[in-house]
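Values below: every heavy atom of this structure, side chains too, minus hydrogens, waters and symmetry copies. The chains referred to below are lettered A, B, ... by the order of the sequence lines, with proteins before strands, and numbering in each begins at 1.
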Amino acid sequence: MSIPKIYDKNREKEIYARWETAGYFRADAASDKPPYTIVIPPPNITAKLHMGHALNNTIQDILIRFKRMQGFEALWMPGTDHAAIATEVIVMKELAKEGITKEQLGREGFLQKLWEWNELYGGTIISQLKSLGCSCDWERTRFTMDEGLSDAVLEVFVRLYNEGKIYRGERLVNWCVKCGTSISDAEVEHEDKESFLYHFKYPVVGTNECISFATTRPETMLGDTAVAVAPGDGRYAGLVGKFAQVPFGEGREIPIIADEYVDPEFGTGVVKITPAHDPNDFEVGVRHNLPRINILRDNGEINENGGEYAGLTREAAREKITEDMKARGLFVKTTPLAHAVGEHDRCGTVVEPIMKLQWFVQMDELAKSAIDAYESGGLKFNRERFGKIYMNWLNNIRDWCISRQLWWGHRIPAYYCAEGHVTVSKTAPDACTTCGDKNLTQDPDVLDTWFSSALWPFSTLGWPEKTAELEKFYPTDILVTDRGIIFHWVVRMVFSGKKFMQEVPFKDVFIHGTVLDGQGRKMSKSLGNGIDPLEIIDEFGADVLRLMLVSGNSLENDMRFFRERLEPTRNFLNKLWNATRFVMMSAPSAQREPETHVEIDSCSRSRKPSCIEDRWILSQCARLAAEVTEKIEAHELGLAAQKIVDFIWDEFCDWYVEMVKPRLYAKEENAQASRDEAQKTLRLALSSAIKLLHPFTPFITEDLFLALRGAEGAGTINETINETINETIMYASLPSSDASLYDEAAEKQIDRIKEAVRGIRAVRTEKQVPPSQKIAVVVIPENDEARELFESLHSAIALLTGAKEVQVLAPGADAPDGAVSVVAHQAVIYLPLDSLVDAEKEAARLAKERKKLEQEIARIDAKLANEGFLAKAPPALVAAEREKRDEFAAMLAKIAP
RNA sequence: GGGCGCAUAGCUCAGCUGGGAGAGCGCCUGCCUUACAAGCAGGAUGUCGGAGGUUCAAGUCCUUCUGCGCCCACCA
C-alpha cells in the first residue's frame, strides 16, 4: 500500500462537513469556560466572497480557533446585512431587464421580490465562508431584517425618539437625483473634477454699481437670497445693508450682508448665498434669517421656483442661465477650476444638496460617549493612527440623517394623521396621540442600513430581551474590519453599545489593510482585476489561501496579491504532509503521544529524554508555543505563522528528523529503548507544531492530527481518519509553553552540533566532494564535555554530513596529517582528504577564516574600547560582548597561522 | 486645504518597545541521499529613498526634503 506523496486539498469539504455535523462550531451560553466573542462584519446579501472577505474572515477564524483551543467558549457570531440601497439598486436592475419598475410592482410586490432575492442569494456568501473554513456558530446566523433584529431597531428608534434624540427636520441632505433618495455624508464620494468658475455680477439696487462674485453652479442663482462679504472688508463696507438684484423672474432683491464665512482673500471676496442648496449657505441663512428657496425637483430638474427655467435639467439650466447673463451684460468671465464634486458612491451621480424633511439622530451626546470610550482607553485600535481617524470623524460629526427614500429596509415607525401630527410607536397605533385621529399613515421611508448594523453586537445576542447569550458573550472581544468602515460602522456600534448596553461592544478593534492586485491597484469590477478567492480555493485549497494571506506581510498594511505567492505556501503544506508521512512510517507505535499539558510536562520532567536532540526539540516546542501564543495575542498573525513554518521546516524537518534517523534505523538489540524514545519525541514534537498551526490551516492539520493520534500500524493517513471520527484537533489543547520546559543546555549543545555540521558541509562543497563519496571525519574536542557531546551524536553527524564515520578522539590528541580543518566552538574537526588538499588553497581558505574572526573581534574591541558604551549600555550586554570576544579569540587561536 | 501610510537584496515584503541587516521567489553550484525534486546541501546580492539631529549605540526615535499611494474636507 502506498501513501500519497502529495497532499490532497480535495478533502476540505468532507472535513468541514464532519465538523459541522459534530457541532464543533457551537458556543454554549451556559458553559463554565470563559467567553471569547467575535461578531462577523455582516456581509451584504448582495455579496459574493472577494479577497477582502477572505482576508477579513481568515483573521477572525484564526483568532477564534486559537482561543477555542486555549479553552475559551469561543463564539463567532455570523450573519448578513440587508444593505438597503445596495440591494435595492441591484434588484431594480434585475427587474429592469424584464422592463419592470418598482413602481409597477408597488411596495408590497417589490418587497416580495427582495425577499425572494434574499432567499436565493442571501446565503451564497455563507456557503462561501464555509469553504474558506470559517468556524462560525452557523446555527445562530442572523439577518439584519429578521424578526429579532427588526424589533431591536424599532426599540432603539422609539427610545431615542422619546428622549428627543431623534427628530424630524427640514435640512439640507445629500440628494441623489437618480436614486431618488437622500444619502449620508459617508456615502458621498468626492472627486476632483475639471470644471469652471463662473464670474457674474448683480446690480446693486439704487446705484449704478454692480457687485461681482464667482460660482461653480450658476443655476443656483435662481435660489439666491443674499450676497455676502467679509465683515470689515473695506472694499464693500458701503454696500453692506444695501440690496442686490437677481436678474431673473421678478427681479428679486436680496440683501448684501457681512458674514465671517466669507474669505476676503478668495476671488472677489463676495459670495452669493443659496441657503436651500449649499450647506455653508444654509448656515449663513440661519444666522441672517434668510428665506430658503428650493429650486430643484427630486429628479434634478429646475422646479417652478425657477420660473422660466422650470423643467430644465441642472446642466441645461446652467448653460441657459450663463447665456442669459451674458445677454444682460452681467457675465464677467469663466476661469478653469479643478474642484471636488460630490458623487453618490453607488451610482456615480453628482449629489445635490437639497432641502428635505428627514429624520435625524442628534449626535452631540452619542458622539461624546464614543469619544470617551477611546480617550478612557476602553476602546483600542491595533494602530494609533486608526484611533486618530476615528476621533477626527467624531470631532467633526454632524447629525445623522437616518431616513432613506427606499422600500427595502426597516420602515420608520412614525405615523402621521391628516393634521400632520406625529406618533412614533413600535407597533401601528390605533390613533394619533395628539388629536386622536384614527386615520394614520406610516412614514414611507426606511432607515439607513447602518442604523441596524450599529446594533449588531448586541441585537444578534437577543437584545432587547435579556438573554443568557448577552450575559455570557457581551461585550465582544475584538472587532476585525476594514479601514473603510470606521465611520460607517465602528463609530456607530460604539455609541450604540454604550447607549443601550452601557458598555463598549468590543475592547479591541483590529483594522486590516486592503488586498490589492499585483500592480497595487484596488480590485474592482470596472478594472476587471479582481481575483476570485473561490477559484484559488479550487486550485490550491483554503488552507493555502489562508496561510498565504496572513504570511509575509503585516496585516494592517495593504497587501498585493500575487498568485506566485501561493506556491511556496502550498510547498510548505506538502512538506508538512510528508514529514507526517515519515513520522507515521518510522514511528508507527500504537502508543499515543501525551495529550494534555500535564502529560507533556510530566513527560519532559520525570521521563526526561536522555538524548540531547530529544531534549532540544522539546525545548524548542515549548518556546514555539510561547512565541506563537504571544504573537497571536498581540494579533501579529504573520509573525506567528512564520515561527511555526520555520520550526517545522528548519528545526524539525531539516535537523531533528535527520538527527534521529540513525536511532530509528539502528539494528542492535539494545537500540530498542532509544528508538522508542525517538519515536515518541517525533510524534510529540510534530503534533505540537500541528496544533499550533491549526488555526491557520485548519483542514490539513485536522487530517494530520487525527492520523498521528489514531495511527495503528502503518496505515494510510486517510484510512485512519474514519476510525477516529469523534475526535478533532479543534478542541485539542495547545502544547505547553511553560518556561520550565526550556532546556538551555541542550539548545546550546545542538547549536554546536549544527555549527560543526554546517562547517563540514561547506568544506565538502568547496572541495567539490561528490555526495556519493563517504568521507571520514575526526573530531578533536577541547574538553570532556565536548567529547561527550560529539560522541553521543556521532552517528547523526555522519548522516548529516555524508561521512562514513565520525571518530571522536580524546582532548589534546594529535591532528591527523593532510587533513582540512574546521574550527568550531570547543572542537576542531578534521577531514582527511589527502588527495583533495591543495596546500596553497588550504592556506588561503584558512586565511579567509582567520580574517573573518579577526574582523568580528575588531568590531567587538571597538565597542569595548568605547567608554560611553561601557558606562551606559546595559551590563548584561557588555558581558555578552565580552563573552563573544573570548569565544572568537579561542577559535582564532585554533587556526594554525 | 487637512490628515495618514509607504520607500530595506533583481521582485514581493518581514523587521514589535533602538544593541551584530532577514524571508520567500528569482539567480549561481552540486545532488533523483529509501518522508518530500512541491525536495536536499552550499553560495552571491543591500551607502535600509536624500540630508540633518538625539544617543555610548539609529533600518528602528526627532526634524526636513524627494517620490509614490490612501483617507477626510461645505472654500464660493
Side-chain angles (χ1 to χ4, degrees), chain A residues 3 5-7 172 185-186 190 197-198 213-217 220 228 261-263 265-274 278-283 337 339-340 342 353 383 385-386 388-389 392-393 396 483-484 486-487 513-514 516 518 520-522 551-554 556-560 562 564-565 567-586 630-631 634 636 638-639 642 645-646 653-654 657-658 661 665 758 761-766 768-772 799-802 856 859-860 863 866-874 877 880-881 884:
Chain A
I3 300 170
K5 288 184 177 183
I6 304 292
Y7 123 80
L172 275 188
D185 290 345
H190 293 269
L197 188 57
Y198 298 80
F213 56 88
T215 179
T216 53
R217 294 186 295 158
T220 60
Y261 159 62
V262 181
D263 174 3
E265 304 295 321
F266 188 93
T268 58
V270 181
V271 185
K272 66 182 210 54
I273 302 296
T274 322
D278 182 280
N280 284 313
D281 296 6
F282 184 89
E283 299 296 327
L337 179 75
H339 74 129
R383 289 292 183 276
R385 64 176 192 263
F386 300 128
K388 282 185 190 164
I389 293 176
N392 188 44
W393 162 268
N396 295 297
R483 194 187 317 124
I486 292 178
F487 323 122
T514 311
L516 307 170
R521 302 170 305 180
K522 273 189 184 164
S551 297
N553 56 305
S554 52
E556 71 275 8
N557 292 339
D558 290 352
M559 65 169 294
R560 299 188 194 192
F562 292 95
E564 300 78 61
R565 285 188 51 211
E567 281 190 27
T569 310
R570 178 202 57 187
N571 293 353
F572 164 70
L573 293 184
N574 192 53
K575 181 79 180 175
L576 174 62
W577 176 269
N578 278 294
T580 309
R581 204 160 67 90
F582 169 79
V583 170
M584 290 185 59
M585 288 191 299
S586 49
E630 182 204 323
K631 294 300 178 197
E636 301 271 10
L639 296 178
Q642 196 56 52
V645 171
D646 288 347
C653 292
D654 289 349
V657 164
E658 298 304 317
K661 276 180 180 172
Y665 301 148
R758 286 200 190 98
R761 282 172 173 170
V763 168
R764 282 192 69 126
T765 301
E766 195 173 342
Q768 296 184 315
V769 181
S772 53
L799 188 138
L800 286 161
T801 60
E856 288 293 338
R859 185 186 59 78
I860 296 175
K863 243 181 169 176
N866 182 338
E867 283 180 30
F869 177 72
L870 294 179
K872 296 190 178 175
L877 188 70
E881 290 290 330
K884 270 188 278 183

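Between the NZ atom of A:Lys631 and the C1' atom of B:U17 there is a distance of 11 Å, given to the nearest Å.
With contacts defined as side-chain heavy-atom distances shorter than 4.5 Å, the pair A:Arg385/A:Glu556 qualifies. For the pair A:Thr514 and A:Arg483, the minimum side-chain heavy-atom distance is below 4.5 Å. Proximity of A:Phe582 to A:Val657: side-chain heavy atoms (C-beta onward) are separated by under 4.5 Å at one or more points. Within the 4.5 Å cutoff, the side chain of A:Leu516 has no heavy atoms near those of the A:Arg521 side chain.
Using a 4.0 Å heavy-atom distance criterion, A:Ile273 is classed as making no nucleic acid contact. Contact annotation for A:Ala871: no contact, since no heavy-atom pair falls under 4.0 Å across all strands. Counting non-hydrogen atoms under 4.0 angstrom, A:Glu658 reaches a base of the nucleic acid. Contacts of A:Asp654 with the nucleic acid, taken as non-hydrogen atoms under 4.0 Å apart, involve only primed sugar atoms and P, OP1 or OP2. Within the 4.0 angstrom heavy-atom criterion, no nucleotide atom of any strand lies near A:Pro353.
Nucleotides B:C61 and B:C74 place their C1' atoms 39 Å apart, quoted to the nearest Å. As rounded to the nearest Å, B:G24 and B:C65 have P atoms that lie 39 Å from one another. For the C1' atoms, the distance from B:U8 to B:C13 is 9 Å, rounded to whole Å. For the P atoms, the distance linking B:U64 with B:C4 amounts to 11 Å, nearest Å. Taking the P atom of each, B:C36 and B:C16 are spaced 39 Å apart, rounded to whole Å. Taking atom P on both B:G10 and B:G46, the two are 8 Å apart, rounded to the nearest angstrom. Distance noted for atom C1' between B:A23 and B:C56: 32 Å (whole Å). To the nearest whole angstrom, the two C1' atoms, one in B:C25 and one in B:A38, are 14 Å apart.
Mapping A:Pro568 and A:Asp263 onto RNA chain B by nearest heavy atom places A:Pro568 at the nucleotide closer to the 5' end. Along RNA chain B, the nucleotide nearest to A:Arg385 and the one nearest to A:Ser551 differ in position, and the one closer to the 5' end is contacted by A:Arg385.
Considering only side-chain atoms of A:Thr215, the nucleotide from B:C6, B:C4, B:A76 that sits closest is B:A76. Nearest nucleotide to the A:Trp393 side chain, out of B:G39, B:A76, B:A73: B:A73.
Put simply, the residue from A:Thr220, A:Thr215, A:Asn280 that forms a side-chain contact (heavy atoms from CB on, under 4.5 Å) with A:Thr274 is A:Thr220.
Residue A:Glu636 places no side-chain atom within donor-acceptor reach of the base of B:A14, judged by atom type and a 3.5 Å distance cut-off alone.
At the phosphate of B:C13, OP1 or OP2 sits under 4.0 Å from a side-chain N or O atom of A:Arg560. Contact annotation: A:Arg761 side-chain N/O to B:G42 OP1/OP2 distance is under 4.0 Å. Listed pair A:Lys661 / B:A35 meets the phosphate criterion, a side-chain N or O lying under 4.0 Å from OP1 or OP2. Phosphate contact (OP1/OP2 of B:G39, side-chain N/O of A:Asn571, threshold under 4.0 Å): present. Within the 4.0 Å cut-off from OP1 or OP2 of B:U33, not a single side-chain nitrogen or oxygen of A:Tyr665 is found. Between A:Thr216 and B:A76 there is no side-chain N or O to OP1 or OP2 distance below 4.0 Å. Side-chain N/O atoms of A:Lys522 include none lying less than 4.0 angstrom from OP1 or OP2 on B:C70.
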Task: Per-nucleotide pairing state of RNA chain B [Watson-Crick or G-U, under 3.5 Å; [ ] pseudoknot-crossing; | other strand] - done: (((((((..((((.....[..)))).(((((.......))))).....(((((..]....))))))))))))....
Task: Full working for side chain to side chain contact (heavy atoms under 4.5 Å, CB included) between A:Lys884 and A:Ile860 - done: CA-CA 8 Å; A:Lys884 270 188 278 183; A:Ile860 296 175; 3.9 Å; yes
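In this structure, the side-chain contact (heavy atoms from CB on, under 4.5 Å) partners of A:Lys575, at least two apart in sequence or on a different chain, are A:Trp649, A:Cys653, A:Asp654.
Side chain to side chain, A:Asp646 and A:Gln642 meet the donor-acceptor criterion of an N or O pair below 3.5 Å.
In this structure, A:Asp278 pairs ionically with A:Arg217, as a charged nitrogen and a carboxylate oxygen lie closer than 4.0 Å.
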